[in-house]
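Right, one structure below, let's go through it.
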Amino acid sequence: MASPAGSQPQVPYPARALSPAHADLARSAGVPALLANENYVEALARVVYYWGYPAVDGFGRTNMWEIMRDKPGTMLGLLPGAPMNTTGCLADYMSPAQRWVVTPNNDTIYGAGFANLAVEPAVIQTPAEVPQGHYWTIQIVDIFTNVVHQLGSASATPGGKFLLVGPTWTGEKPSGFLGVLRMPTNTAGVFPRSFAARTPEAKARAIAVLDQIGMYPLSKDQPGPRKIDCRAAARNAVYPPGVTARMIAADPDASRPQWVNPKTFWDDLAKMLAANPAVGPSDAAMADQARTLIALRQTDPGYRALLDRAALAADAALHASSTYVQVGVDTGNGWQRQMGAGHWGTDWFSRAQATVIYIYVNDYREATYFIRGTDAKGSLLDGRHVYTMTFPKEALPPMDRTRGGFWSLTMYDKDYFMLPDPPNGRTNIGTVNLDANELRFAPDGALTLTLSRAQPADAEARANWLPAPEGQFALIVRAYVPTQQVLDGAYKLPDVIREARDAAP
């Protein structure tokens, strides 16, 4: 008869060690030992859930490889999508009706794609012809949403080609390439952006730059730069099975995915780790712990139930804490900020919170994000009321315009999506409007923004109006290419003041 140890030789020792042997022996710890081990596993499972949440979310988004398997285009006619190791792009701002990505901006025109570097390296093409002071970037993240490379105008990246490779790649830089960009995981997200003010001319400039930016497989590389053609990609609208354009138009939530399902989390985490056996140094120890828990769950029904329950509890706690009222630290006048965003290190809980409320944030030195969900008195922001935000003369957020810097204030509903059909077409307000000469300054040089559901009667307030939804809402101020004043906290945003009058019904 085979021994108990010999009956499960494939189970790694750390997993077997979490099931106390002979717990009913007279002189063993018995039940106390079993309870101690269960408590340890449950506590570890919660931490692993927070650690792995961004990776499970990101790995789920690689479903675009199947949806867009033929060529780049737009998923649901709303979002940039592309086959494996390729980026797609839009030809205008992202539609406020989309419900796949929380808190996108409407300052830039987006591109997006995911790489599987275990299959082959990818070419990252950067633009050679860019107007002076125009903002562009290519944000490259690993499977955990850590920003590993941030190319663009802020870092004065030259035009040309870079080779994006995985953690086990060995080889030489190909002739004609500017450099090799190594990733710590096989799966990478690649997100180009190009700034566009609210004029046809500005959008044309943005697309002209975005047409020079992209990712494609090394096997498809040819001498010289490739023309991406974002307008053609935007016309290629692709819908998942069972979803139609009419359905999306009638109900934006008709195809809103649940990227992380706590009921299938451990199986989804196992698939992600199988595709990404190597991870970065800040994630390596937790990857080992995750594999131990997955093995334990696969071999012990009691621990399977415990781990499944821990995932449900951790998910509830994560979403309860991931709100614009609670995330980050105070930065003055009611605004909050996650310090070190994009470079999370071992701050796994903050990284998971960011995934919930604004996934794929840039390196904080590229773009600093200020958030809030309350007014100056600490009450929740609500579209029933009228709010103002006044920048004194020459006190707008200090950005480095020589490197393309800009700022914006964006309005989101309680689920952190833009208003699908704002009455004046605005989902945000800032440099995009200033460059289009849409805003009005007071005689003393101050700029007062009005936030309300109803259109203001006053002409100046109407010119500077950012529509709010019915019910609760949240705000982000994005500061792209921030100056040192912003980075070190010396600059303070103005508070959000609730007016005495209520919004009109």
Side-chain angles (χ1 to χ4, degrees), residues 96 102-107 318-342 349-350 352-359 361-362 364 367-392 395-399 406-419 422 426-431 433 446-453 464-480 482 485-499 503:
V102 289
T103 60
N105 75 62
N106 257 6
D107 307 280
L318 174 62
H319 284 84
S321 69
S322 300
T323 73
Y324 280 27
V325 177
Q326 295 162 304
V327 169
V329 296
D330 178 68
T331 60
N333 292 331
W335 293 91
Q336 299 132 236
R337 171 186 168 192
Q338 284 190 303
M339 310 296 285
F349 190 63
S350 290
Q353 289 181 314
T355 302
V356 174
I357 62 172
Y358 43 30
I359 190 170
V361 295
N362 289 282
Y364 69 95
T368 301
Y369 302 80
F370 298 92
I371 64 173
R372 71 184 300 152
T374 59
D375 64 17
K377 294 184 178 180
S379 298
L380 294 174
L381 297 171
D382 194 290
R384 294 174 298 169
H385 307 297
V386 176
Y387 304 88
T388 59
M389 184 175 171
T390 299
F391 295 89
L396 296 176
M399 305 294 101
F406 63 90
W407 69 273
S408 68
L409 169 70
T410 306
M411 173 74 65
Y412 299 105
D413 65 19
K414 63 180 179 61
D415 294 321
Y416 308 125
F417 294 110
M418 294 185 286
L419 277 66
R426 281 184 189 163
T427 57
N428 63 330
I429 198 166
T431 304
N433 312 92
L447 177 67
T448 297
L449 307 180
T450 298
L451 289 62
S452 65
R453 180 173 57 84
N464 300 342
W465 174 43
L466 182 60
E470 293 186 15
Q472 191 176 337
F473 66 85
L475 301 170
I476 284 184
V477 167
R478 288 177 169 85
Y480 269 78
Q485 272 185 290
V486 174
L487 291 173
D488 63 19
Y491 175 79
K492 306 294 183 185
L493 287 165
D495 217 330
V496 176
I497 310 297
R498 176 180 163 184
E499 298 295 291

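We count residues from 1, following the sequence as given.
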Report yes if some heavy atom in the side chain of [X] is under 4.5 Å from a heavy atom in the side chain of [Y]; otherwise report no.
X: Leu487; Y: Pro482; answer: yes
X: Trp335; Y: Val496; answer: yes
X: Ile357; Y: Val102; answer: no
X: Leu493; Y: Pro397; answer: yes

Problem set entry | Ion pair check, Asp495 and Arg372, cut-off under 4.0 Å | yes
Exercise. Can you list the steps and then say if Phe370 with Leu475 is a side-chain contact (heavy atoms from CB on, under 4.5 Å)?
Worked result: CA-CA 8 Å; Phe370 298 92; Leu475 301 170; over 6 Å; no
Exercise. Is there a donor-acceptor pair under 3.5 Å between the side chain of Gln336 and the backbone N or O of Val327?
Worked result: yes
Exercise. Any sub-3.5 Å donor-acceptor pair from Trp465's side-chain atoms to Ser452's backbone N or O?
Worked result: yes
Exercise. Can you name the residues that form a side-chain contact (heavy atoms from CB on, under 4.5 Å) with Ala395, not counting sequence neighbours?
Worked result: Pro392
Exercise. Got a sec, which residues hit side-chain contact (heavy atoms from CB on, under 4.5 Å) with Thr103, two or more places apart in sequence or on another chain?
Worked result: Tyr324, Tyr358, Tyr412, Tyr416, Ile476, Arg478
For this session: Would you kindly say whether Asn105 and Asn428 are connected by a side-chain donor-acceptor distance under 3.5 Å?
Result: no
Measuring from atom [atom1] of [X] to atom [atom2] of [Y], what distance do you get when rounded to the nearest 0.5 angstrom?
X: Met389; Y: Leu447; atom1: CE; atom2: CG; result: 9.5 Å
X: Thr410; Y: Leu419; atom1: OG1; atom2: CG; result: 11.5 Å
X: Leu381; Y: Thr374; atom1: CG; atom2: OG1; result: 6.0 Å

For this session: Please report the shortest heavy-atom distance between Gln353 and Ser321, naming the atom on each side.
Result: NE2-OG, 3.2 Å
For this session: Give every residue pair that meets the salt bridge (Lys or Arg N to Asp or Glu O under 4.0 Å) criterion with at least one member in residues 408-417, sequence neighbours excluded.
Result: Arg256-Asp415
For this session: Would you check, one step at a time, whether the test side-chain contact (heavy atoms from CB on, under 4.5 Å) holds for Asp107 with Trp407?
Result: CA-CA 8 Å; Asp107 307 280; Trp407 69 273; over 6 Å; no
Seminar exercise, completed: For Tyr387, the ring-ring contact (aromatic ring centres under 6.0 Å, His included) test, sequence neighbours excluded, returns Phe473
Seminar exercise, completed: Sorted by chain and number, sequence neighbours left out, ring-ring contact (aromatic ring centres under 6.0 Å, His included) with Phe417 holds for none
For this session: Quick one: do Ile429 and Leu409 satisfy side-chain contact (heavy atoms from CB on, under 4.5 Å)? Show the steps, please.
Result: CA-CA 5 Å; Ile429 198 166; Leu409 169 70; 4.0 Å; yes
Exercise. Can you name the salt bridge (Lys or Arg N to Asp or Glu O under 4.0 Å) partners of Asp375, sequence neighbours left out?
Worked result: none
